[in-house]
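Here is the structure we will look at.
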Amino acid sequence: MKARGAAQVRDTRGGFWLALIVYLLFGIADAMLIPDVARYTIMARFAVAILALTTMEIVVFVRASSKWSDLTCAVTVVVAYLGWLIPAMQTDDFETFKFYMYFGTIFMMSANLFFNLFFRLSVATSAAILVIFFTSLNYIPELEYHQNFVVILFYLSCFVFTSYVNWKLNEERYNVFLNALEAEHQHSEAEKRGAELERLSNTDYLTGVENRRAVDKRLRDYWNEWQTEGKAFAAILVDVDFFKKYNDFYGHQSGDRCLILVASVLNDTLKPLNASVGRYGGEEFIVLSRVTGRDQVMALCEIVRSAVEGLHLVHDQRRDGQAVVTVSVGASYTRPQSGPKLERIINEADRALYSAKANGRNCIRLFNPNDPLTSDDNENIAATLRMAVKNNLVHLVYQPIQNMRTGRVEAVESLMRLKMIDGTPLSPAQFIPVAERTGAILDLGLWAIRQACTEVLATGVAPMASVNVSAIQLKSRGFALAVSTILEETGVSGSQLAFEITEGIDMEGQSDVIRCITDLQALGIRIWLDDFGTGFAGLSWLRLFPFDTVKIDRSFLQDARRPAGRAMLEDIIRLIRNRGLKILIEGLETADHVELMHELGIELGQGYYLGRPAPIDEVKIKAFPRLASVSGL
Ligand code: C2E
Ligand code: CA
Ligand code: CA
């Protein structure tokens, strides 16, 4: 409104100058028509013009409202009329003046039509002109009656007519003004709504940080700038540790609250550093920032990790010795070898995150292109895994598990072997993690079970076989059903089969795992706890599941050379025995190890000393010579 006022004043000022110039020019008419008094009228004209323009300029200068400029116009019209009329009336050339005085109506017109005065002011001004005119008639006795009548009629009709037009114009102007006001209001409302919509469509509904859509856009922008201007940036993936566990135990509302708190602490910490935070999915966040190099990325990751730890949000359902909510952080940043694809950097950050999770969580990992397993290698492995079964790239080897008291081979452990298309062998340490990440382990795992059943159990090579099973398999739907189908098809009894589950298994989603294990046990399948002592959840697993056998990790056997190590091993054995479970010790590599087994009264042993993992053909002939005598083959 203020802006409109200023514009109006400027407008009025322009018209005002024009009107006064015309007023001054009429001095020429004075000189021609009433020369005897023209001196006075012209002087009066100049005096009025100077005074009026000065006033108007002051009004403009002090930025007074349009009311003041209107008032200046109105007063000037009246004074200008007087300034002309009074000296002009003194003329001796009366015949001419009679006609000249009709021009007085011009002042009325300018009040009503020329200046955009508001209605009441313009009517008051033209009425004042009318009154002055009537008054002046008393001082001009020379006018005859009918002349008087004509001029009065003319003035009156001019007054009525111009006032009417003015009224109409004002009404029109008012409507236009209202419409403009309404339009302006609507425009600003629409702008506000548009901005709000834009904000909403880019915001995560729960945490208020950027949503996936906004993150993707930002990523594309950063990527383009990296490609065109070489501006490096980092993508940092942040995943809340054991979040599912948190949700299950504390409830979804608390889970939401946890995410909100994590998001806001990240936002508050990173905003001043010019980094953006977005929610990338479930409990995963992504931080994007321009960076100058490796050190800065690492520093950012550490800021992220410690900010969340610093929240001290209680999470006593995790059993890894920590009791607060933490995050695992995986990062990657643009390098000359980043390649032409944006997905790659996210892929690398994802891999780094996976490694952070695998390394015990609450830690940071930066993608390392110099890792022996570079992304390209992993992609090759993933591709090999997809066609492994069909192209005979995968097979099982079997390692004997011996009863240390009787010397009999009681079972064999099935271990997977994979070779690349060119024949290069890959160790399980290389391909099992990739198979787990890509989900290939689901089919491969079932293949391994079927293979062990067919090769070993259905043919009676060994009375029992154990197969390693990943957590992902236990969590997958229909796993127990698929296993029962295999048993049925191969004609093998469930009690001949054991599944080895490593205790490092993810504790999240435990309820699915428990259900699956119960179903498997109902099929008669034994569940063995593998690598006992290496993970963090071993003891709680022992408490939760009725395992059949516990395999103590070979690192304990190696440590047993020292007295402290031996004491430790004895403690572990006692603990497992107290729970009434069978014990199997892995990694027997020497005769001393076997001797130790006898000393400790261990029933089952496995290791290179007793037999290396071997393909099925070798197993039959030479690996387990005792087997033939025991099983009567
Ligand atoms: P694991 O289940 O602990 O398997 C035992 C590993 O120790 C095998 O390595 C075996 O070759 C090795 N080993 C056996 N005796 C000795 C010994 O006396 N000394 C030493 N130093 N090592 C011995 P491998 O075959 O490389 O397997 C490594 C891991 O890969 C396995 O550990 C298991 O966790 C995983 N894995 C292997 N096959 C499968 C599979 O079919 N499915 C799944 N999910 N995982 C598998
Ligand atoms: Ca095993
Ligand atoms: Ca093991």
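This structure is a prediction, so every number in the text was calculated from the model and none was measured. Reckoned from all heavy atoms, side chains included, excluding hydrogens, waters and symmetry mates. Both ligands and their constituent atoms are indexed starting at 1 by order of listing.
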Residue and atom name of the nearest protein heavy atom (relative to atom 31 (C) of ligand 1), distance in Å to one decimal
L415 CD2, 4.3 Å
Near E586, which atoms of ligand 1 are under 4.0 Å from a heavy atom of that residue?
3 (O)
V308 and its side-chain contact (heavy atoms from CB on, under 4.5 Å) partner, picked from D241, L261, V262:
V262
Tell me, yes or no, whether the heavy-atom count around R257 atom CZ, taken from other residues, nucleotides or ligands under 6.0 Å, exceeds 12.
no
Just heavy atoms, cut-off under 4.0 Å: does I432 contact ligand 1 by side chain, backbone, both, or neither?
side chain
Ligand 1 contact on L588 by region, counting heavy-atom pairs under 4.0 Å:
backbone
Is there an N/O/S atom in E500 that lies less than 3.0 Å from the Ca ion (ligand 3)?
no
Ring-plane angle category for F479 and F499, please: parallel below 30°, perpendicular beyond 60°, tilted otherwise.
tilted
Nearest-neighbour protein heavy atom for atom 15 (N) of ligand 1, which is reported as residue plus atom name and distance
Q399 NE2, 2.8 Å
May I ask you to establish whether R351 and F367 are in a cation-pi arrangement, using a distance under 6.0 Å from NZ or CZ to the six-membered ring centre and at most 45° from the ring axis?
no
How is the N/O/S atom of D530 that comes nearest to the Ca ion (ligand 3) named?
OD1
Option nearest atom 38 (N) of ligand 1 (shortest heavy-atom distance, choices M416, R417, E413)
M416
Distance-only side-chain donor-acceptor flag, Q606 / Q399, under 3.5 Å:
yes
T438 and R386 side chains, donor-acceptor separation under 3.5 Å:
no
Provide, to 0.1 Å, the distance between atom 21 (N) of ligand 1 and the closest protein heavy atom, together with that atom's residue and name.
E589 OE2, 3.0 Å
Looking at atom 16 (C) of ligand 1, what's its closest protein heavy atom, distance included?
Y608 CE2, 3.2 Å
Provide, to 0.1 Å, the distance between atom 7 (O) of ligand 1 and the closest protein heavy atom, together with that atom's residue and name.
R554 NH1, 3.1 Å
Does A429 come within less than 4.0 angstrom of ligand 1, counting non-hydrogen atoms of the residue?
no
Numbered in order shown, the ligand 1 atoms found under 4.0 Å of a heavy atom of D531 are 3 (O)
Check whether any protein heavy atom sits under 4.0 Å from atom 9 (O) of ligand 1.
no
Can you tell whether the side chains of K244 and E283 come within less than 4.0 Å, N to carboxylate O?
no
Could you check atom 28 (C) of ligand 1 against the protein and tell me its nearest heavy-atom contact, residue, atom and distance included?
P428 CB, 3.9 Å
Would you call E284 and R212 a salt bridge, using N to O less than 4.0 angstrom?
no
Have a look at ligand 1 and work out which part of P613, if any, has a heavy atom under 4.0 Å from it: side chain, backbone, both or neither.
side chain
Under 3.0 Å from the Ca ion (ligand 2), can any N, O or S atom of N468 be found?
yes
What do you reckon, is CZ of R561 surrounded by more than 12 foreign heavy atoms closer than 6.0 Å?
no
Look at the N, O or S atoms of E413, main chain and side chain alike, and state whether any lies under 3.0 Å from the Ca ion (ligand 2).
yes
Short N/O distance, under 3.5 Å, between S470 and ligand 1?
yes
If we count only N and O atoms by modelled type, under 3.5 Å, do the side chains of N211 and R279 hold a donor and an acceptor together?
no
Count the heavy atoms of every other residue, nucleotide or ligand shown that sit under 6.0 Å from CZ of R335, and state whether that count exceeds 12.
yes
Which one holds for R612 and ligand 1: side chain close, backbone close, both close, or neither close, with close meaning a heavy atom under 4.0 Å?
neither
With rounding to the nearest 0.5 Å, note down the distance linking CE in M420 to CG in L385.
9.0 Å
Thinking salt bridges, do E413 and K551 make one under a 4.0 Å N-O criterion?
yes
Presence of N, O or S from D531 under 3.0 Å of the Ca ion (ligand 3)
yes
Please check if atom CE in M568 has more than 12 non-hydrogen atoms from other residues, nucleotides or ligands closer than 6.0 Å.
no
Tell me the protein heavy atom at minimum distance from atom 42 (N) of ligand 1, and give that distance in Å.
N468 O, 3.2 Å
Atom 1 (P) of ligand 1: the protein heavy-atom neighbour that sits closest, reported with distance to 0.1 Å
D530 OD2, 3.9 Å
Please classify the K551 to ligand 1 contact at 4.0 Å (heavy-atom distances, strictly less than): side chain, backbone, both or neither.
neither
